[in-house]
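Within every chain, numbering begins at 1; the chains are lettered A, B, ... in the order of the sequence lines, protein sequences first and strands thereafter. Because the structure is predicted, anything quoted here is derived from the model rather than measured.
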2 protein chains.
Amino acid sequence: MVSGNTIAEVASLIGDAARANMLSALMGGQALTAGELASHAGVTAQTTSGHLGKLAQAHLIAVEKQGRHRYYRLASPEVAHAIHALMAVAADGPKRHHPVGPKDEALRLVRTCYDHMAGRLAIALADSLTGNGYLLLGDGAGLITDEGRRFFCDFGIDLDQLTRSKRPLCRTCLDWSERRPHLAGQMGAALLDRALGVGWISRREETRALRITRAGEIGFADKFRLPSDWRIAPSETLMVRRLPGSSIPAAGTTCRSQD
Amino acid sequence: MVSGNTIAEVASLIGDAARANMLSALMGGQALTAGELASHAGVTAQTTSGHLGKLAQAHLIAVEKQGRHRYYRLASPEVAHAIHALMAVAADGPKRHHPVGPKDEALRLVRTCYDHMAGRLAIALADSLTGNGYLLLGDGAGLITDEGRRFFCDFGIDLDQLTRSKRPLCRTCLDWSERRPHLAGQMGAALLDRALGVGWISRREETRALRITRAGEIGFADKFRLPSDWRIAPSETLMVRRLPGSSIPAAGTTCRSQD
DNA sequence: TCAACGGTTCGGCCGTCGCCGAAGCATTTC
DNA sequence: GAAATGCTTCGGCGACGGCCGAACCGTTGA
């Protein structure tokens with residue numbers, strides 16, 4: 001009754017097929033033009049314009065003018081989170097439970113998920129980080145160990161910088177193609193950002209799938225000590241890895257939560 | 001485009017004021033009758049019936065017949081999670097950012113949040129658990145230490161039992177009245193359940209607020225070693241508590257994630 | 001300056017859906 | 001059995017909102 005009104009407004013904005021398609025497209029993490037969104041939604045430019053106006057007014061998306069183009073992106077990680085949560089509900093529903101993920105092999109290998117990586121590479125990275133004692137993974141989030149902190153610093157990611165933000169540092173995200181967790185949150189975003197920065201991966205046009213460069217092939221395997229078979233769909237049974245006693249991070253630096 | 005259709009269906013179901021109010025009411029965690037939901041939504045019985053039918057068909061809620069009543073509840077924790085996420089987006093929106101939570105003092109003290117406790121007591125419990133080294137709280141989730149495992153077992157909660165389920169064991173939830181994290185997930189549900197079971201708290205009619213019994217007053221303070229001032233709204237600055245080196249749980253037992 | 005292009009605004013059409021009154025079942029109570 | 005209660009089904013009304021064609025701005029490039 002009290003906040004019900006507002007959640008209804010938000011949900012009803014997402015609850016239109018055309019808008020839902022646009023938002024889903026924006027879950028790729030890149031800003032898209034109105035035209036691109038129109039084609040994703042399958043409606044005309046005028047209609048799209050109307051939809052985008054509403055979404056922007058409700059602060060679900062943000063706009064940026066650039067020449068004669070207008071680039072739209074999700075307004076906040078909270079919005080991405082909400083859409084993700086709705087996807088989870090939708091997947092649970094009456095429909096078949098087994099279409100399990102993208103047919104496109106490239107998408108399964110590595111793709112963007114809003115602002116971080118998903119797919120087998122992302123899972124392999126998460127496994128590697130936990131296996132080497134850099135990260136403790138829990139139910140939907142993780143803690144970075146002191147060793148992990150040094151590792152990331154060495155990789156060019158300044159965690160202290162990230163900590164200043166209010167946004168959760170280290171979350172996990174369930175991979176819909178592989179049903180395994182991978183890194184999200186600020187850590188996940190920083191990892192994607194850095195990997196793009198050093199040219200280990202690059203974006204492709206018109207798809208969320210990412211390309212792994214030659215440098216990336218070597219770099220990831222070397223720096224993260226990936227097993228040689230990481231491209232194979234990981235078996236569920238490999239999930240459990242006992243980790244040796246490692247130091248515990250200062251509580252304060254990771255004590256942020258959001259839901 | 002692929003799963004967009006279905007998320008639109010789900011969102012549009014939530015995106016009606018009457019239905020949103022019903023779902024919000026069900027976030028209290030108790031099953032409610034159609035009549036109660038009708039009064040929460042402010043519409044007639046017929047209209048309510050229609051809404052409930054749609055929600056049930058989409059598996060957002062579940063029904064249970066009991067005599068001439070029909071009890072409705074949220075169908076799954078995923079649904080609760082999605083609604084919560086929508087609330088977070090709605091709260092962020094263009095509106096005032098500062099109405100901050102319930103006026104009702106009882107609600108601020110302790111209340112249900114779907115299937116677990118929220119409010120100052122819940123925060124104090126989470127603080128106590130982390131402070132005593134039973135729990136490591138991260139960004140949205142936590143890890144239970146071996147000591148914590150023993151503690152919970154001693155309190156009558158069998159974690160091994162809980163672990164069998166696929167549902168996340170230990171998540172956190174951001175308290176909207178205090179803006180601090182408290183325990184959710186299976187742990188949170190078990191804690192509420194056990195506290196009700198031993199009579200430390202009891203439900204009230206017509207509200208999500210909980211009542212702390214005399215036994216609870218003593219029990220919580222004693223067992224969880226709560227500070228004497230836990231009823232006072234906790235200051236943000238108390239959040240950081242350095243914890244001594246404590247043992248790390250086996251990775252496998254907590255390696256479940258969902259989002 | 002003019003044409004091309006991306007995007008938005010306007011106006012009107014049409015379908016969908018929420019709403020309630022009335023009637024119909026089922027269960028409980030007297 | 002009859003009345004009361006809780007809930008659902010049916011039917012029809014009304015409004016909100018998505019859709020597109022056409023016209024309108026602003027930027028870009030020749």
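The distance from atom CZ of B:R70 to atom C1' of D:dT9 is 12 Å, rounded to the nearest whole Å. The distance from atom CD of B:Q57 to atom P of D:dT9 is 11 Å, rounded to the nearest whole Å. D:dG6 atom P lies 14 Å from atom CD of B:Q46, rounded to whole Å. Between the OH atom of A:Y72 and the C1' atom of C:dT8 there is a distance of 9 Å, given to the nearest Å. In this structure, CD1 of B:I14 is placed 14 Å from P of C:dG18, rounded to the nearest angstrom. To the nearest angstrom, P of D:dC19 lies 12 Å from CG of A:L52.
Every residue two or more places apart in sequence or in another chain that forms a side-chain contact (heavy atoms from CB on, under 4.5 Å) with B:Q66 is listed here: B:Y71. Checked against side chain to side chain donor-acceptor pair (under 3.5 Å), B:D115 has the following partners two or more places apart in sequence or in another chain: B:R167. Judged as a side-chain contact (heavy atoms from CB on, under 4.5 Å), and not counting sequence neighbours, the contacts of B:Q30 are B:R203. The side chain to side chain donor-acceptor pair (under 3.5 Å) test applied to B:S76 returns B:E78, not counting sequence neighbours. B:A62 is linked by a side-chain contact (heavy atoms from CB on, under 4.5 Å) to B:R73, counting only residues two or more places apart in sequence or in another chain. For A:R204, the side chain to side chain donor-acceptor pair (under 3.5 Å) criterion is met by no residue, not counting sequence neighbours. A search for side chain to side chain donor-acceptor pair (under 3.5 Å) contacts involving B:T213 returns nothing, not counting sequence neighbours. Applying the side-chain contact (heavy atoms from CB on, under 4.5 Å) rule to B:R68 yields no partners; only residues at least two apart in sequence or on another chain are considered.
When heavy atoms are screened at a 4.0 angstrom cut-off, A:Y71 is found touching no nucleic acid atom at all. Heavy atoms of B:A34 sit under 4.0 angstrom from primed sugar atoms or phosphate atoms, though from no base atom. Residue B:T48 is classed as having no contact, given no heavy-atom separation below 4.0 Å to the nucleic acid.
Here B:E217 pairs with B:R231 in a salt bridge; the nearest charged N to carboxylate O distance falls below 4.0 Å.
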Mind listing the N/O atom pairs, protein and nucleotides 14-18 of chain D, below 3.5 Å?
unit_1: D:dG18; atom_1: OP1; unit_2: A:R19; atom_2: NH1; d: 2.9
unit_1: D:dG18; atom_1: OP1; unit_2: A:R19; atom_2: NH2; d: 2.8
unit_1: D:dG18; atom_1: OP2; unit_2: A:K54; atom_2: NZ; d: 2.4

Distances for protein N/O vs nucleotides 26-29 of chain D N/O pairs under 3.5 angstrom?
unit_1: D:dT27; atom_1: O2; unit_2: A:R68; atom_2: NH1; d: 3.3

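Between the side chain of B:R208 and the main chain of B:R111, no donor-acceptor pair closer than 3.5 Å is present.
Using a 4.0 Å cut-off, no side-chain N or O of A:S49 falls inside it from OP1 or OP2 of C:dG7.
For the helix from C:dT1-D:dA30 to C:dC30-D:dG1, the end axes, each set by the C1' atoms of five terminal pairs, are bent relative to each other by 20° (nearest 10°).
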Result block: side-chain N/O donor-acceptor pairs under 3.5 angstrom for residues 46-55 of chain B, not counting sequence neighbours:
unit_1: B:Q46; atom_1: OE1; unit_2: B:T44; atom_2: OG1; d: 3.0
unit_1: B:T47; atom_1: OG1; unit_2: B:T44; atom_2: OG1; d: 3.1
unit_1: B:T48; atom_1: OG1; unit_2: B:T44; atom_2: O; d: 2.8
unit_1: B:H51; atom_1: ND1; unit_2: B:R19; atom_2: NH1; d: 3.1

